[in-house]
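Before any comments, here is the structure.
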2 protein chains.
Amino acid sequence: MALASTKRVRIYDVAQAAGVSIATASKALNDTGRMTEETRSRVKAAANSLGFRPNAMARALIQRRTFTVGLLTNDTYGRFTLPLMAGVSEQLVDHGVSVFLCSIEDDPALAKIHVDAMLDKQVDGIIASGKRIDRRLPVDLSQLDIPVVYAFTDGPEDAVTLVSDDYQGSMQAMQWLRELGRSRIVHVTGPQTFASVGERARAYHAVQGGDGLVMHGSWSEAWGHEAVARLWARKGDTPDAIFCGNDQIARGVVDALRERGLDVPGDVSVIGFDNWEIVAAATRPPLTTVDMNLKELGREAGRLVLALAEGKAVEPGVRKLPCQLVVRESCGGGLRS
Amino acid sequence: MALASTKRVRIYDVAQAAGVSIATASKALNDTGRMTEETRSRVKAAANSLGFRPNAMARALIQRRTFTVGLLTNDTYGRFTLPLMAGVSEQLVDHGVSVFLCSIEDDPALAKIHVDAMLDKQVDGIIASGKRIDRRLPVDLSQLDIPVVYAFTDGPEDAVTLVSDDYQGSMQAMQWLRELGRSRIVHVTGPQTFASVGERARAYHAVQGGDGLVMHGSWSEAWGHEAVARLWARKGDTPDAIFCGNDQIARGVVDALRERGLDVPGDVSVIGFDNWEIVAAATRPPLTTVDMNLKELGREAGRLVLALAEGKAVEPGVRKLPCQLVVRESCGGGLRS
DNA sequence: GTGAAAGCGCTAACAA
DNA sequence: TTGTTAGCGCTTTCAC
């Protein structure tokens, strides 16, 4: 441990201390070249005791590899990018790769500035992420000379794209409701313009049949309330389960049902989507919901840019990553087998 | 616009194209040295048409300045770091500075890895941020040779530290309630162990007097419910206003009051803290609350590391940044003057 | 097995 | 006004 924090120690200092040339020192430290084991360990010991840290800039200049990647996102405040970022960071830090955070706020000019900055800094690759899997970032990354991976945002045809599997996740939800004996299931979800809304509805219909009821509205608690009002105003059977397009709607639904004197999950099971902790856990009863595993998606994105950066071949196309059911109390049923 | 994305263009190519030496090219592009305006613009034109982008690595190697900073945070999923990061990024991108995102999850080993990686990459400075202003990150940054700014986390005595002004924010809240004619104000807040809880209570007492009632619990909606139950179970006067320690508690309080048939804000005014959109806006009625201006705090942190990195002197000590009252409907009253 | 020398892309003295 | 030269800190042939 070098206590003196005067000047940064360079490989020259290590070489001096070990009584070798800097060439030998370099080879010793990088486990390349050939030399006696004794020399190698002597150099390493010297480096160690001097607290030598190679200058990544100098290294990058030669190796054309900076061990940095850029993470572009337009979901600055959102709940989607955050776990995704954590996953990316977690995956890459183990490989000595650092992540540039670039929030672009849907602003093309800002996006360009960030991309240019990344390019100047010679990032080894870029991960583009967003808040909707059916929207593109306001910048064209397809002509860059470095690898790009799209995560939770739409990418070009021949790109490597990672999204969560809305269909599979919704199937989990629906099947869970069926396993619990629910049959009159209604789907209360977001605006039809979202691709994921379509996917989730498709899964709903696959289980419930073509005559199931899908209600579109906003992604809000208010819409959950309103949907319940409409459902219970109709004549005929009321549902015994409601599959909601997200946790906010689900919370609105649960609150509305309780206000009507209905028991959740006794009278009606409610299931959400997103597993947004703050919403799902605060609902009374806490929401059973579908988690999109965004952190894992982030890890995978990290893994893939890294592979690409190392010149490995990666099959282009859209990869759908599985969602996972998180069982709490709003559907009844115990821990999932 | 160079369409051919074959090889990166270097300053050598620009010099060739402009018919000058690389030294002249360098000076022309950096607006240093002296030469005819004609030469300078000729070089710039050549650079432009070739799509020249200087290699930041090479530059960094000489200038000892990488135009990167590291942002350390242990609040990976949290609502605090996110706007803060956005502010930092926004502030720095204008200066050509990129931000390394490092989420350390309260793990000392992970923190060290990240810090080492940043040091290797020669960041110009580090911003340390967290989720509590009275807790330190699990890593010692005080002995580094580069500037460190602490934002929304506790730092050493002689460091530059940025926090939001809980006292001032709470004063805003309390005064707003008084302006609306409320006098029997109760403070329902989080655990006493939080420094910000103490600060907010201090402001509460400054307005309400020493005999005001402060109720400590968890930062949850459930605690909001419970607090209301307790308050209305007491004999004697019930409050006409409740100042809550955060928005979640406030939401619990509002819901509990409504469930008791009380009108908010007609019978009781409720005010929150944090302005956590998802909670504040979904509450019925939407919460009037205190915003900590974390994005601005992030910007200021960016400004300060940058100043420090440029060798400018910055007065050490704790800087408290003002909060801002966000008026919605839970207190009554109109737009603030 | 080890070291001298060239060079990554750029900037900055110093000459011319 | 412009160009030559010497590095920044490191890796990597290629001699010895």
Side-chain angles (χ1 to χ4, degrees), chain A residues 2 6-44 46-47 50-68 96 119-124 145-146, chain B residues 2 6-44 46-47 50-68 96 117 119-124 145:
Chain A
T6 45
K7 268 212 148 197
R8 218 182 145 107
V9 7
R10 295 148 310 163
I11 198 169
Y12 172 83
D13 304 310
V14 176
Q16 287 265 301
V20 295
S21 71
I22 60 169
T24 304
S26 173
K27 279 176 278 195
L29 295 171
N30 293 302
D31 284 322
T32 55
R34 55 180 112 267
M35 67 193 65
T36 57
E37 222 15 84
E38 193 276 325
T39 309
R40 202 180 286 281
S41 54
R42 183 156 42 87
V43 173
K44 283 184 174 174
L50 289 173
F52 171 68
R53 324 228 50 174
N55 183 323
M57 298 299 124
R59 209 170 220 175
L61 203 51
I62 309 171
Q63 303 184 149
R64 276 84 203 290
R65 189 80 201 288
T66 54
F67 292 90
T68 58
L119 259 22
D120 287 349
K121 278 158 189 156
Q122 318 268 122
V123 293
D124 296 333
D145 290 325
I146 54 173
Chain B
T6 45
K7 268 210 149 196
R8 218 182 145 108
V9 8
R10 295 148 309 165
I11 198 170
Y12 171 83
D13 305 310
V14 176
Q16 287 265 302
V20 295
S21 71
I22 61 166
T24 304
S26 173
K27 279 178 279 194
L29 295 172
N30 292 303
D31 285 320
T32 55
R34 54 180 113 266
M35 66 193 67
T36 57
E37 221 16 83
E38 192 277 324
T39 307
R40 201 180 288 281
S41 54
R42 184 156 41 90
V43 173
K44 283 185 174 174
L50 289 173
F52 171 68
R53 325 227 52 183
N55 184 323
M57 297 300 124
R59 211 171 219 174
L61 202 51
I62 308 172
Q63 303 184 150
R64 277 87 205 292
R65 190 79 202 289
T66 55
F67 292 90
T68 59
L119 259 22
D120 287 350
K121 281 162 187 151
Q122 318 267 123
V123 294
D124 296 332
D145 291 324

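Here is how names work: the chains are called A, B, and so on, in the same order as the sequence lines, proteins then strands, and each is numbered from 1.
What you find for P54(B) and R8(B) is that their closest heavy atoms are O-NH2, 4.0 Å. Considering all non-hydrogen atoms of both residues, G51(A) and V9(A) come closest at O-CG1, 4.0 Å. Considering all non-hydrogen atoms of both residues, F67(A) and K121(B) come closest at O-NZ, 2.8 Å. When every heavy atom of Y12(A) is checked against every heavy atom of I22(A), the shortest pair comes out as CA-CG2, 3.7 Å. Summarising the geometry of D13(A) relative to L50(A), their closest heavy-atom pair is O-CD1, 3.7 Å, with the distance given to 0.1 Å.
Judged as a side chain to side chain donor-acceptor pair (under 3.5 Å), and not counting sequence neighbours, the contacts of S21(B) are T24(B). For the side chain to side chain donor-acceptor pair (under 3.5 Å) test, residues two or more places apart in sequence or in another chain that qualify with T66(A) are T68(A), D124(A). Evaluation of the side chain to side chain donor-acceptor pair (under 3.5 Å) rule for E38(B) yields R42(B) as partners, not counting sequence neighbours. By the side chain to side chain contact (heavy atoms under 4.5 Å, CB included) test, N55(B) is found to be paired with L61(A), Q122(A), M57(B), A58(B), residues two or more places apart in sequence or in another chain being considered. By the salt bridge (charged side-chain N to carboxylate O under 4.0 Å, His left out) test, R53(A) is found to be paired with D116(B), D120(B), residues two or more places apart in sequence or in another chain being considered. With sequence neighbours excluded, the residues satisfying side chain to side chain contact (heavy atoms under 4.5 Å, CB included) with A117(B) are S98(A).
Screening residues 15-24 of chain A for salt bridge (Lys or Arg N to Asp or Glu O under 4.0 Å), with sequence neighbours left out, gives no hits. The stretch residues 15-36 of chain B participates, sequence neighbours left out, in these salt bridge (Lys or Arg N to Asp or Glu O under 4.0 Å) pairs: D31(B)-R40(B), D31(B)-K44(B).
Protein chain A contacts DNA chain D over a range whose 5' and 3' limits, counting nucleotides with an atom under 4.0 angstrom from a non-hydrogen atom, are dG9(D) to dT12(D). On the nucleic acid side, DNA chain C contacts chain A at distances under 4.0 Å to non-hydrogen atoms, with the end points of that region at dG1(C) to dG9(C).
End-to-end axis angle of the helix from dG1(C)-dC16(D) to dA16(C)-dT1(D), using five pairs per end and rounding to 10°, comes to 50°.
Heavy-atom distances to DNA chain D give each of L61(B) and A23(B) a nearest nucleotide, and the one nearer the 5′ end belongs to A23(B).
Looking at residues 25-37 of chain B, you'll see K27(B), R34(B), M35(B), T36(B) sit with a heavy atom under 4.0 Å from some atom of DNA chain D.
At the heavy-atom level, I11(B) lies under 4.0 Å from the strands shown only through sugar-phosphate atoms.
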